[in-house]
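One structure is given below, encoded as structure tokens.
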Amino acid sequence: MDFTCKALNYPISQAQFYTDSTIVLSWIGSHASRWKTFVANRVAKIQTLSSATQWHHISGSANPADLATRGVSSSTLLTSIWLCGPKFLHETFPFQTDSSVPTLNDAVPEERGPSGVRAQALDEDGNLVDDFIFDSGVGEFEGKILHVRNAPSPGATSSLAIAKMIVDKMEQEFHIKDL
């Protein structure tokens, strides 16, 4: 909005935004952290620059942006809502639009699902073994290192429990206490 105001050199005191996507309205109306990263970043930016109350639903047939994507001829565009917008935009503010937004009964696309990491190690024969393989090294490093194989990323939801398990193993391997 600021960019548009500066480009037009015209102050805009109030803005309303319209979309024909109920999914987008759902995204904007919820906390950005609810969505997967790509959507969350964009929703957070939109929420920083506008309020969810400024966003409204418009039917696809009244959305001028849709016309150009439907293969409409240029002569048809010139006589359509594409140049002037839907009729309600020409009325006195606040516009009287259909405020009913179709409800979404299913899960909203891009919603984060349950998170967590599960690691499972296999031995050389392909048999399942413990979640983690601890190796104390061989040769000159034997007993001086603790190599943990197949550990999930530090962002795993169980990372504190994993860290405790590793510390316990280090205490056991290196005969130390209270790490």
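- One finds the CD atom of Gln16 at 9.0 Å from the OG atom of Ser51 (value rounded to the nearest 0.5 Å).
- Not one N or O on the side chain of Glu111 forms a donor-acceptor pair closer than 3.5 Å with the backbone of Arg34.
- Residue Trp35 holds its CH2 atom at 4.5 Å from OG of Ser30, rounded to the nearest 0.5 Å.
- Note: Asp168 CG to Glu173 CD = 12.0 Å, rounded to the nearest 0.5 Å.
- Interatomic distance, Trp27 CH2 to Lys36 NZ, rounded to the nearest 0.5 Å: 10.5 Å.
- Within the model, atoms CG of Leu25 and CG of Asp20 stand 9.0 Å from one another, a figure rounded to the nearest 0.5 Å.
- Nearest approach of Ser21 to Val24, heavy atoms of both residues: OG-N, 3.0 Å.
- Nearest heavy-atom pair, Gly29 versus Ala52, reported as atom, atom and distance to 0.1 Å: CA-CB, 4.3 Å.
- You'll find the side chain of Phe17 stays beyond 4.5 Å of the side chain of Ile28, heavy atoms only.
- The distance from the CG atom of Leu49 to the CD atom of Gln54 is 10.0 Å, given to the nearest 0.5 Å.
- Of all heavy-atom pairs between Pro64 and Ile81, the closest is CB-O, 3.4 Å.
- The backbone N or O of Thr22 lies less than 3.5 Å from no partner atom in the side chain of Ser26, so there is not a single donor-acceptor pair.
- Scored by the side chain to side chain donor-acceptor pair (under 3.5 Å) test, Thr19 finds no partners at all (sequence neighbours excluded).
- Legend: residues meeting ring pair (Phe, Tyr, Trp, His ring centres under 6.0 Å) with Trp82, ordered by chain and number and at least two apart, are absent.
- Not a single side chain to side chain donor-acceptor pair (under 3.5 Å) links Ser80 to another residue, sequence neighbours left out.
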